[in-house]
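Only heavy atoms go into these numbers, but all of them, side chains included; no hydrogens, no water, no symmetry mates. All chains are named by letter (A, B, ...) in the order of the sequence lines, taking the proteins before the strands, and each is independently numbered beginning at 1.
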2 protein chains.
Amino acid sequence: MALRVRKNPAPPEPPDCPLGTCMKLLGGVWTPNLIWYLRAGPRRFSELRVDLPKISAKVLTSRLRDLEERGVVSRTVRPTSPPSVEYALTPLGGELLPVIDAIVSVGGRLKALAQPRRRPSKRRVPPAN
Amino acid sequence: MALRVRKNPAPPEPPDCPLGTCMKLLGGVWTPNLIWYLRAGPRRFSELRVDLPKISAKVLTSRLRDLEERGVVSRTVRPTSPPSVEYALTPLGGELLPVIDAIVSVGGRLKALAQPRRRPSKRRVPPAN
DNA sequence: CGGGATCCTTTTTGATACTG
DNA sequence: CAGTATCAAAAAGGATCCCG
């Protein structure tokens, strides 16, 4: 081995496509929690709003739409007296559960970063003149 | 059990803390890819910039700082002729690899959503007058 | 009840330019 | 090489009003 220019020969694979595709989905603040609450079974729109009290209707709708378009959740309208809509994980959505579990598992061991972004750092002295 | 008000008794657990903590980290556009490229071994700042050609120095620095503060990567300054800095996954960071793998695995089966989010973005019509 | 449409604020990212 | 400082743009999220 003469003069190794770089220790690591090359990145194994460029995971841009699948990684990007999936993170577009899970990247939001709410999506993983949403999937978490759907794992126990189908849930209605308003139940989800109770599960995640801080989410706004708009965002919840938006996330559910994304998940639906990607085949992760199914949307079932039931013509009851007050109309109700049920969301449920599809089999494909079920494949996301191990991901969520892994995230939760590791998340518990991560340092929680006391101050999100403290930066007094180099406060430029305002010119006195 | 008389009159079940809701089908699903209750959400199993509220994973807000670990889930939120971890997603704060993985939620970004670049972080998962960054970890991907670090998995093969330590890598220098400029190598990472080659691995991810589209990332800006600022964002790369920012992500690396986050990962460092949470104990996911280590930062090693080596006083070589041109100074070089090596980033590497810590053992804790290694625990994130299964997560990444799972994401990639599922990501490949997700529908890619033909139009991610077409938004001609309300190009404010410049007033013709 | 279950959303769609707007408008607005906060957070993230990108593009440069500059420094040790 | 390895960043930091600043500003501008974009995206994500939230608030509100309205509709079937």
Side-chain angles (χ1 to χ4, degrees), chain A residues 5-6 20 23-34 42-69 73-88 113 115-127, chain B residues 5-6 20 23-34 42-68 73 75-87 113 115-124:
Chain A
V5 177
R6 39 192 344 194
M23 287 312 296
K24 261 286 202 279
L25 207 65
L26 298 181
V29 184
W30 299 112
T31 316
N33 271 281
L34 206 44
R43 254 178 134 61
R44 293 174 50 190
F45 190 85
S46 15
E47 289 180 308
L48 290 171
R49 296 209 62 180
V50 174
D51 294 336
L52 296 81
K54 321 255 205 77
I55 198 175
S56 65
K58 172 195 162 183
V59 175
L60 179 54
T61 301
S62 182
R63 299 299 114 218
L64 287 170
R65 285 270 176 276
D66 290 348
L67 293 167
E68 192 190 348
E69 290 179 56
V73 307
S74 62
R75 179 174 179 273
T76 310
V77 181
R78 308 196 314 181
T80 52
S81 28
S84 75
V85 180
E86 269 195 355
Y87 294 90
L113 203 57
Q115 292 299 355
R117 194 63 46 185
R118 256 290 152 262
R119 50 172 48 207
S121 84
K122 183 77 75 55
R123 16 177 327 124
R124 300 182 306 111
V125 280
Chain B
V5 178
R6 39 194 343 191
M23 288 312 296
K24 260 280 200 271
L25 207 66
L26 297 181
V29 184
W30 299 113
T31 316
N33 270 282
L34 205 43
R43 248 172 142 63
R44 294 173 49 188
F45 190 84
S46 17
E47 290 181 308
L48 289 171
R49 296 209 63 182
V50 174
D51 293 336
L52 295 79
K54 320 257 205 77
I55 199 175
S56 65
K58 174 194 161 183
V59 175
L60 179 54
T61 301
S62 182
R63 296 301 112 219
L64 286 170
R65 287 266 176 282
D66 290 348
L67 293 166
E68 192 190 348
V73 307
R75 178 174 179 274
T76 312
V77 182
R78 308 197 313 181
T80 52
S81 28
S84 76
V85 179
E86 270 194 355
Y87 293 91
L113 205 54
Q115 296 299 354
R117 196 60 52 184
R118 257 292 153 258
R119 53 171 47 205
S121 83
K122 186 74 77 52
R123 20 176 324 122
R124 302 177 300 114

**Asked** Base, sugar-phosphate alone, or nothing: which one does B/R49 contact when heavy atoms must sit under 4.0 Å apart?
**Response** nothing

**Prompt:** Between D/dA2, C/dC1, C/dG4, which nucleotide has the shortest distance from any of its atoms to the side chain of A/P82?
**Reply:** C/dC1

**Request:** Specify the separation, in whole Å, of atom CG of B/L52 and atom P of C/dG14.
**Result:** 10 Å

Kindly give the atom pairs (protein nitrogen or oxygen, nucleotide nitrogen or oxygen) under 3.5 Å for nucleotides 14-20 of chain D.
residue	atom	partner	partner atom	Å
D/dG14	OP2	A/W30	NE1	3.1
D/dG14	O6	A/K58	NZ	2.1

**Complete:** Correct closest heavy-atom pair for A/P42 and A/E47 would be O-OE1, 4.5 Å

**Request:** Give a yes/no answer on whether the side chain of A/R65 brings an N or O atom under 4.0 Å of OP1 or OP2 in C/dG4.
**Result:** yes

**Item:** Between C/dT13 (P) and B/L64 (CG): distance, integer Å
**Value:** 13 Å

**Request:** Find the distance A/K24:NZ to D/dA12:P and express it as a whole number of Å.
**Result:** 6 Å

**Presence of B/S46 side-chain N/O under 4.0 Å of D/dA2 phosphate oxygens OP1/OP2** = yes

**Message:** Just the rounded figure in Å: distance from C1' of D/dC1 to CZ of B/R75.
**Reply:** 12 Å

**Residue pair A/M23 / B/L26: nearest heavy atoms and the distance that separates them** = CE-O, 2.9 Å

**Asked** Are any of B/Y87's side-chain N or O atoms less than 4.0 Å away from OP1 or OP2 of D/dG3?
**Response** yes

**Message:** Tell me every residue that passes side-chain contact (heavy atoms from CB on, under 4.5 Å) with B/S46, counting only those two or more places apart in sequence or in another chain.
**Reply:** B/R44

**Request:** Please state how far atom CG in A/L25 lies from atom P in D/dA12, giving the value in whole angstrom units.
**Result:** 12 Å

**Request:** Check step by step if side chain to side chain contact (heavy atoms under 4.5 Å, CB included) holds for B/T31 and B/D66.
**Result:** CA-CA 9 Å; B/T31 316; B/D66 290 348; over 6 Å; no

Can you give the donor-acceptor pairs under 3.5 Å from side chains of residues 52-61 of chain B to other protein atoms, not counting sequence neighbours?
residue	atom	partner	partner atom	Å
B/S56	OG	B/V59	N	3.4
B/T61	OG1	B/A57	O	2.8

**Prompt:** Between C/dG3 atom P and A/R78 atom CZ, what is the distance in whole Å?
**Reply:** 13 Å

**Message:** Return the CD to OG1 distance between B/E86 and B/T80, rounded to the nearest 0.5 Å.
**Reply:** 9.5 Å

**Request:** Under 4.0 Å between any heavy atoms, over every strand shown, what does A/V77 touch: base, sugar-phosphate, or nothing? Just pick one.
**Result:** nothing

**B/R75: side-chain hydrogen bond (donor to acceptor under 3.5 Å, both in side chains) partners, not counting sequence neighbours** = B/Y87

**Complete:** Rounded to whole Å, CG of B/L60 lies from C1' of C/dA15 at a distance of 15 Å

**Fill in**
Those residues at least two apart in sequence (or on a different chain) that pass salt bridge (charged side-chain N to carboxylate O under 4.0 Å, His left out) with A/R49 are none

**Message:** How many whole angstroms separate atom CZ of B/R44 from atom C1' of D/dA2?
**Reply:** 9 Å

**Prompt:** Once you build an axis from the first five pairs and another from the last five of the helix from C/dC1-D/dG20 to C/dG20-D/dC1, how far apart in angle are they, to 10 degrees?
**Reply:** 40°

**Prompt:** C/dG3, D/dG3, C/dC1: which one has an atom nearest the side-chain heavy atoms of A/V85?
**Reply:** C/dG3

**Request:** Have a look at B/G28 and say if it touches a base, only the backbone sugar-phosphate, or nothing, with a 4.0 Å heavy-atom cut-off.
**Result:** sugar-phosphate

